[in-house]
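Before any comments, here is the structure.
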Protein chains: 2
Amino acid sequence: MPQSKPPVEASLPERFSHARNVQANAVMEDYVELISDLMAEFGEARIADIAQRLGVAHPTATKAVARLKREGLAVSRPYRGVFLTDAGAALADKVRARHRTLVDLLVAVGVPPEVAELDAEGMEHHVSDTALAAFRAFLEK
Amino acid sequence: MPQSKPPVEASLPERFSHARNVQANAVMEDYVELISDLMAEFGEARIADIAQRLGVAHPTATKAVARLKREGLAVSRPYRGVFLTDAGAALADKVRARHRTLVDLLVAVGVPPEVAELDAEGMEHHVSDTALAAFRAFLEK
DNA sequence: CAATCAATGAAGCCTTGGCTACATTGCCCT
DNA sequence: AGGGCAATGTAGCCAAGGCTTCATTGATTG
Ligand SMILES: [Mn+2]
Ligand SMILES: [Mn+2]
Ligand SMILES: [Mn+2]
Ligand SMILES: [Mn+2]
């Protein structure tokens, strides 16, 4: 007796809840990528530099770094710079690659580079691995 | 004397701050689109239906609707359904069209339709008018 | 070597958007 | 007409991510 096949597409509530879930990690992703950049440039990431590049006040950066530490993505000691853990560094690499591929795709599809960069900063966090693979395939074509 | 042309691309802090700004409207956009759908289906949008489709508890929907009203996008009276203002309806149309175009683009580029739908729910809010126009041009090609 | 000042930390405020628990209301049905 | 129940409202909690203000620390430099 054939089971009635459940719908492949996610229900509406599931789609919204998925988007909310992804969004909850977006800020952490940007911090991790930025810290990785600063570590590459200066060998460490200072709170002041993080805050400045993100365009937030320094206590905002401090709280975010506290959360990164709590989640095992970064380490730091008082009055010292911030450093990524292996997990943090791995996440940074992933986020950076995804950002670049998305920008490339947007440009390939006709979006002006400056606009692509602007839009990508928000869109990137919602690009799934599946979509990313599709983007790469499209770009190679 | 030639002015040194300021950089066309937004500075990093500006990019992040732009993304935060856009994000602040994302939830409202989804509510407005959903209310528009429910009005088309039932003639009104009930809090219970909004909450169910969004996958949130009903007080969450109530609070969001309060914000929509405060921002002039919706109207409602106690124990009655929610309705969009002209501004709200216009926003809903815009959001719906953008959502569709983005999904179409993702599919056109090789993303499986179910995945496109899932990813688009979060990405859509960051697609600028410029990018949208580029998407449409690409899709017509 | 010490003073100054920039960087960091700490405290506490706000809004948004989640939630649960409980109170109220209105609608349907007997 | 009235009771019961589903829908709505209300209160109050939490975490995240903004902010300002003030305290502390450490590094530069005179
Ligand atoms: Mn980003
Ligand atoms: Mn990025
Ligand atoms: Mn959405
Ligand atoms: Mn949508």
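Letters A, B, ... are given to chains in the order of the sequence lines, protein chains preceding strands, and every chain is numbered from 1.
To the nearest 0.5 Å, the span separating CD on A:Glu33 from CG on A:Leu38 amounts to 11.0 Å. For the atom pair B:Glu114 CD and B:Asp119 CG, the distance stands at 11.0 Å (nearest 0.5 Å). To the nearest 0.5 Å, atom OG1 of residue A:Thr85 and atom CG of residue A:Leu68 are 9.0 Å apart. The line from CZ of B:Arg70 to CE of B:Met28 is 8.5 Å long, rounded to the nearest 0.5 Å. In this structure, CZ in B:Arg20 is found 9.0 Å from CG in A:Asp30, a value given to the nearest 0.5 Å.
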Open item on the list: Does the protein touch nucleotides 7-19 of chain D at the base, only the backbone, or not at all? Give it as B, S and - per nucleotide, heavy atoms under 4.0 Å.
Closed with: SBBBB----SBBB
For a quick test of your reading: what N or O donor-acceptor pairs under 3.5 Å do the side chains of residues 43-53 of chain B make, sequence neighbours left out?
residue : atom : partner : partner atom : Å
B:Arg53 : NH1  : B:Glu41 : OE2          : 3.0
B:Arg53 : NH2  : B:Glu41 : OE1          : 3.1
B:Arg53 : NH2  : B:Glu41 : OE2          : 3.1

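Remark: the backbone N or O of B:Val32 is not paired with any side-chain donor or acceptor of B:Ser36 at under 3.5 angstrom. Within the 3.5 Å criterion, the main-chain N or O of A:His58 finds a donor-acceptor partner in the side chain of A:Thr62.
Of all nucleotides in DNA chain C, those with any atom nearer than 4.0 Å to a heavy atom of chain A start and finish, going 5' to 3', at C:dA7 to C:dG18.
For A:Glu124, the salt bridge (charged side-chain N to carboxylate O under 4.0 Å, His left out) test picks out no residue, with sequence neighbours left out. The salt bridge (charged side-chain N to carboxylate O under 4.0 Å, His left out) check on A:Arg67 picks up A:Glu71, with sequence neighbours excluded.
Axis angle, first five pairs versus last five pairs of the helix from C:dC1-D:dG30 to C:dT30-D:dA1: 10°, rounded to 10°.
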